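As structure tokens, the structure follows; a few thoughts come after it.
These values consider heavy atoms only, across backbone and side chains, with no hydrogens, waters or symmetry-generated copies. Values in this document were obtained by computation on a predicted structure and should not be read as measured data.
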Amino acid sequence: MVRIQEIPINQIKRPLPRTNDPNKVQALMESIAAIGQQEPIDVLEVDGLYYGFSGCHRYEACQRLGKETILARVRKAPSSVLKMHLA
């Protein structure tokens, strides 16, 4: 089951480091500041903890804008699914 909700940014763990395109982040910052976040990021919820593996540019843009929450598509998953993402 997938649900869309606002999640506190500081509660999302991003276990895989990624280098973002600064121009894309800046463009998203401008868009989010003007019209709000239009597309949720995808988050796994495992044992009550949130893990983000996609939406890196949107995540950084919201973070740099000082947003406390981010719109996320949340999918509950067992730890075995999390382990597959980390492998």
Side-chain angles (χ1 to χ4, degrees):
M1 183 169 107
V2 176
R3 66 186 187 280
I4 296 177
Q5 69 183 73
E6 293 279 339
I7 295 177
I9 287 179
N10 64 2
Q11 290 185 14
I12 300 172
K13 299 177 186 307
R14 302 208 53 101
L16 301 177
R18 181 167 171 184
T19 303
N20 290 333
D21 176 345
N23 293 326
K24 187 172 179 181
V25 171
Q26 183 61 41
L28 281 166
M29 287 175 66
E30 292 168 10
S31 173
I32 291 168
I35 62 173
Q37 182 186 349
Q38 300 298 299
E39 181 66 27
I41 65 169
D42 292 310
V43 173
L44 283 179
E45 181 183 356
V46 179
D47 298 328
L49 300 175
Y50 300 108
Y51 296 88
F53 295 96
S54 67
C56 298
H57 290 89
R58 284 168 281 162
Y59 176 86
E60 184 178 337
C62 287
Q63 195 174 43
R64 289 180 53 194
L65 284 168
K67 301 281 186 184
E68 292 186 16
T69 62
I70 190 166
L71 188 63
R73 188 177 299 111
V74 181
R75 181 171 56 102
K76 279 194 169 195
S79 58
S80 59
V81 172
L82 176 61
K83 288 176 185 173
M84 287 188 322
H85 281 280
L86 297 174

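Taking every heavy atom of both residues into account, Ile32 and Ala61 meet most closely at CD1-CB, 4.0 Å. Across Gly52 and Pro15, no two heavy atoms sit closer than the pair O-CD, 3.8 Å. In terms of heavy atoms, Ile7 sits closest to Ala72 at CD1-CB, 3.7 Å. Counting all heavy atoms, side chain and backbone alike, Arg18 lies closest to Cys56 at CD-SG, 3.4 Å. Here the closest non-hydrogen pair linking Ile12 and Tyr59 is O-OH, 3.8 Å. Leu65 and Met29 make their closest contact through CD1-O, 3.6 Å (heavy atoms, listed as atom of the first residue, atom of the second, distance).
In the displayed structure, Gln5 atom CD is contacted under 6.0 Å by more than 12 heavy atoms of other residues, nucleotides or ligands. Heavy-atom contacts from other residues, nucleotides or ligands closer than 6.0 Å to CG of Asp47 number 12 or fewer.
Judged as a ring pair (Phe, Tyr, Trp, His ring centres under 6.0 Å), the pairs with a partner in residues 66-87 (not counting sequence neighbours) are, in order, Phe53-His85. Sorted by first and then second residue, the salt bridge (charged side-chain N to carboxylate O under 4.0 Å, His left out) pairs involving residues 52-64 (not counting sequence neighbours) are Glu60-Arg64.
Ile9 and Leu71 fall into different hydrophobic clusters, where Ile, Leu, Val, Met, Phe, Trp and Tyr side chains are chained together by heavy-atom contacts under 4.5 Å. In the hydrophobic clustering of ILVMFWY residues, with side-chain heavy atoms under 4.5 Å counting as a link, Leu16 and Leu49 come out together. Taking hydrophobic clusters as Ile, Leu, Val, Met, Phe, Trp and Tyr residues chained together by side-chain heavy-atom distances below 4.5 Å, Leu86 shares a cluster with Tyr51.
Taking SG from Cys62 and CD from Glu68, the interatomic distance works out to 12.0 Å, rounded to the nearest 0.5 Å. For the atom pair Asn23 CG and Leu28 CG, the distance stands at 11.0 Å (nearest 0.5 Å). Atom CG of Leu44 and atom OG of Ser54 lie 9.0 Å apart (nearest 0.5 Å).
Every residue two or more places apart in sequence or in another chain was checked for a side chain to side chain donor-acceptor pair (under 3.5 Å) with Gln38, and none qualifies. Residues that satisfy the side chain to side chain donor-acceptor pair (under 3.5 Å) test with Thr69, not counting sequence neighbours, are Glu6. For the side chain to side chain donor-acceptor pair (under 3.5 Å) test, residues two or more places apart in sequence or in another chain that qualify with Glu30 are Gln26. Taking Gln11 as the reference, nothing meets the side chain to side chain donor-acceptor pair (under 3.5 Å) condition, with sequence neighbours excluded.
Residues Val43 and Ile70 fail the side-chain proximity criterion, which asks for heavy atoms closer than 4.5 Å.
Exactly one of Glu45, Arg73, Arg75 qualifies for a side chain to side chain contact (heavy atoms under 4.5 Å, CB included) with Arg3. That residue is Glu45.
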